Undergrad: 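I have a structure here, written as structure tokens, and I will follow up with some questions on it.
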There are 2 protein chains.
Amino acid sequence: MITPHFMPEFPIGQLSRKTGVSVRTIRYYESIGLLPVARRSGGNQRLYTASHGERLQFIRHCREFGFSLEEIREMVQLGSDQARSCSEIDQIACRRLEEVKRKIVRLRGLQAELERIIAGCQGGQMDSCQILSSLADHRQCLHPEHGGIDEDEHHWRE
Amino acid sequence: MITPHFMPEFPIGQLSRKTGVSVRTIRYYESIGLLPVARRSGGNQRLYTASHGERLQFIRHCREFGFSLEEIREMVQLGSDQARSCSEIDQIACRRLEEVKRKIVRLRGLQAELERIIAGCQGGQMDSCQILSSLADHRQCLHPEHGGIDEDEHHWRE
DNA sequence: CTTGCAGCTCCAGCGACTGGAGGTTGGATC
DNA sequence: GATCCAACCTCCAGTCGCTGGAGCTGCAAG
């Protein structure tokens, strides 16, 4: 791939402003091979072109959808192979959708239970705190949806 | 604090089975000061009592509700101060509830958008993959709930 | 006495960044 | 030309909540 001399290049800060991805994160994406290595100026500064911008927008949008960097890497690779059918991309997206649905169900259980617990709080002293005793005793719980500390919650606190 | 000789003590594996928290995680909680340091046997093995079990159940249940370890630590400390009002606990729980609600809204936007994108897939070749192009271009997105950053100036691909 | 599981400590890694230190470059102004 | 300062560079370490693995010791049963 050739970069014609009239193709405008810009430094990392500008790419950051254009895409809303932080400078640090851009360098990080390069370091893990998600974003192609940028050409450098004489003074060792990265120079980007519009195509970097497009790739980065793609990555950013995927991240907003909750795709992992590994999934994005996979999609980028699949996407560059024009001859292939897009059923693999479809699969990744469907997997992601199922995950999102499961998470919603779980969070709704959580919401109902938290609302119930909070509603029981009369603002009294500690020794009669309903929230604490509800949290201490699982048997009081009406909604089992949030049972099992699994992959969901603890990797997903953004 | 005295541990009467009739108070049954048990090793870490048993505590793990009783509470459903892994041995590794129990040791981890001790190391970060969330679980009180256990008495040791002659052979340097941890010995737990029922009160450790109760504390650990509380922690586990809180984790299932999505509270962070920091929040749990705070609640444990507040809870041990009998004289204090439980409004602080209430605040923590409400904060958590708001977070859960926000997450649900966001995820619902995500779900709708993913469904829309996936529905557009005709299973063709890569060069016409609707999923890829939808993910690449935020302007095609109907649901702004999952956006974090305003995209004013992405003026490439005029 | 041997087997074998349960326990111990310590270090490292996960994902997706972020913080901070400490040095260099580029463009504008004096 | 000198100076200034923001933007850039690299490198290491930390975040959160664990988990994996190495390599050791403790303990009860056969």
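Note that these values count all heavy atoms, side chains included, but never hydrogens, waters or copies made by symmetry. Computed from a predicted model, the values in this text were never measured in an experiment. The chains referred to below are lettered A, B, ... by the order of the sequence lines, with proteins before strands, and numbering in each begins at 1.
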Undergrad: Holding to salt bridge (charged side-chain N to carboxylate O under 4.0 Å, His left out), I want the full list of residues that pass it with R46(B), two or more places apart in sequence or in another chain.
TA: E30(B)

Undergrad: Can you tell me how far C1' of dC27(D) sits from CZ of R40(B), to the nearest Å?
TA: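 After rounding, the reported distance stands at 16 Å.
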
Undergrad: Looking at R63(A), does any N or O in its side chain come under 4.0 Å of the phosphate oxygens OP1/OP2 on dC17(C)?
TA: yes

Undergrad: Could you run down the sub-3.5 Å N/O contacts of the protein with nucleotides 2-5 of chain D?
TA:
none

Undergrad: Name all pairs fulfilling the ring pair (Phe, Tyr, Trp, His ring centres under 6.0 Å) condition that reach into residues 73-102 of chain A, sequence neighbours left out, sorted by first residue then second.
TA: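 Counting only pairs at least two positions apart or across chains, no ring pair (Phe, Tyr, Trp, His ring centres under 6.0 Å) contact touches residues 73-102 of chain A.
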
Undergrad: Write down the distance between CD (Q14(B)) and P (dA6(C)), rounded to a whole number of angstrom.
TA: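 Distance check: Q14(B) CD to dA6(C) P gives 12 Å.
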
Undergrad: Yes or no on salt bridge (Lys or Arg N to Asp or Glu O under 4.0 Å) for E99(B) and R95(B), after CA distance, side-chain angles and deciding distance?
TA: CA-CA 6 Å; E99(B) 231 175 277; R95(B) 230 162 46 210; over 6 Å; no

Undergrad: For a quick test of reading the model: is some side-chain N or O of T25(B) closer than 4.0 Å to OP1 or OP2 of dG17(D)?
TA: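 It does not, given that no N or O in the side chain of T25(B) lies less than 4.0 Å from OP1 or OP2 of dG17(D).
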
Undergrad: Nearest 0.5 angstrom please: E113(A) CD to L135(A) CG, how far?
TA: 9.0 Å

Undergrad: Under 4.0 Å, counting only non-hydrogen atoms across every strand here, what does R46(B) touch: a base, just sugar-phosphate, or nothing?
TA: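 Sugar-phosphate, no base atom in range.
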
Undergrad: In chain order, what residues pass the salt bridge (charged side-chain N to carboxylate O under 4.0 Å, His left out) check against R63(A), with sequence neighbours excluded?
TA: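 Partners of R63(A) by the salt bridge (charged side-chain N to carboxylate O under 4.0 Å, His left out) criterion come out as none, since no residue qualifies.
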
Undergrad: Using a 3.5 Å cut-off and no angle test, enumerate the donor-acceptor pairs between side-chain atoms of residues 69-80 of chain A and protein atoms at least two apart in sequence or in another chain.
TA:
residue	atom	partner	partner atom	Å
E70(A)	OE1	R73(A)	NE	3.4
E70(A)	OE2	R73(A)	NE	3.2
E71(A)	OE1	S68(A)	N	2.9
R73(A)	NH1	I32(A)	O	2.9
R73(A)	NH2	I32(A)	O	3.4
S80(A)	OG	Q77(A)	O	2.7

Undergrad: Using whole Å, report how far OH of Y48(B) lies from P of dA6(C).
TA: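 Taking atom P of dA6(C) as the reference, OH of Y48(B) is at 16 Å.
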
Undergrad: Rounding to an integer number of Å, can you tell me how far I12(B) CD1 sits from dC5(C) P?
TA: 19 Å

Undergrad: To the side chain of R27(B), which of dC8(C), dT19(D), dT10(D) is closest?
TA: dC8(C)

Undergrad: Would you kindly give the CG-to-P distance between L69(A) and dC17(C), to the nearest whole Å?
TA: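 To the nearest whole Å, that distance equals 5 Å.
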
Undergrad: Strictly under 3.5 Å: I want the nitrogen or oxygen pairs between protein and nucleotides 25-29 of chain C, one per line.
TA:
residue	atom	partner	partner atom	Å
dG26(C)	OP1	G43(A)	N	3.4

Undergrad: Using the test side chain to side chain contact (heavy atoms under 4.5 Å, CB included), find all partners of K101(A) that sit at least two apart in sequence or belong to another chain.
TA: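 Applying side chain to side chain contact (heavy atoms under 4.5 Å, CB included) to K101(A) gives L97(A), E98(A), Q111(B), E115(B).
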
Undergrad: Do any side-chain nitrogens or oxygens of Y29(A) fall under 4.0 Å of OP1 or OP2 in dC17(C)?
TA: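 True: Y29(A) side-chain N/O within range (under 4.0 Å) of dC17(C) OP1/OP2.
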
Undergrad: Take the protein atom CD of E99(A) and the nucleotide atom P of dG15(C), then report the distance between them rounded to whole Å.
TA: 14 Å

Undergrad: Write down the protein N/O and nucleotide N/O pairs, taken from nucleotides 19-23 of chain C, whose separation is under 3.5 Å; answer none if there are no such pairs.
TA:
residue	atom	partner	partner atom	Å
dG19(C)	N7	R24(A)	NH1	2.8
dG19(C)	N7	R24(A)	NH2	2.7
dG19(C)	O6	R24(A)	NH2	2.4
dG20(C)	O6	R24(A)	NH2	3.1

Undergrad: Whole-Å distance between dC17(C) P and R60(A) CZ?
TA: 12 Å

Undergrad: Using the test side chain to side chain contact (heavy atoms under 4.5 Å, CB included), find all partners of T19(B) that sit at least two apart in sequence or belong to another chain.
TA: L15(B), V21(B), L56(B), Q57(B)

Undergrad: Under the rule for side chain to side chain donor-acceptor pair (under 3.5 Å), what residues qualify as partners of S51(B), not counting sequence neighbours?
TA: T49(B)

Undergrad: Please give, in whole Å, the distance from dC17(C) P to E70(A) CD?
TA: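 The answer, rounded to whole Å, is 13 Å.
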
Undergrad: For T25(A), enumerate each residue passing the side chain to side chain donor-acceptor pair (under 3.5 Å) test, keeping only those at least two apart in sequence or located in another chain.
TA: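 S22(A).
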
Undergrad: Could you work out, with side chain to side chain donor-acceptor pair (under 3.5 Å) as the rule, every residue matching Q45(B), not counting sequence neighbours?
TA: none

Undergrad: Measure the spacing between NE2 of H52(A) and CD1 of I59(A) and express it to the nearest 0.5 Å.
TA: 10.0 Å

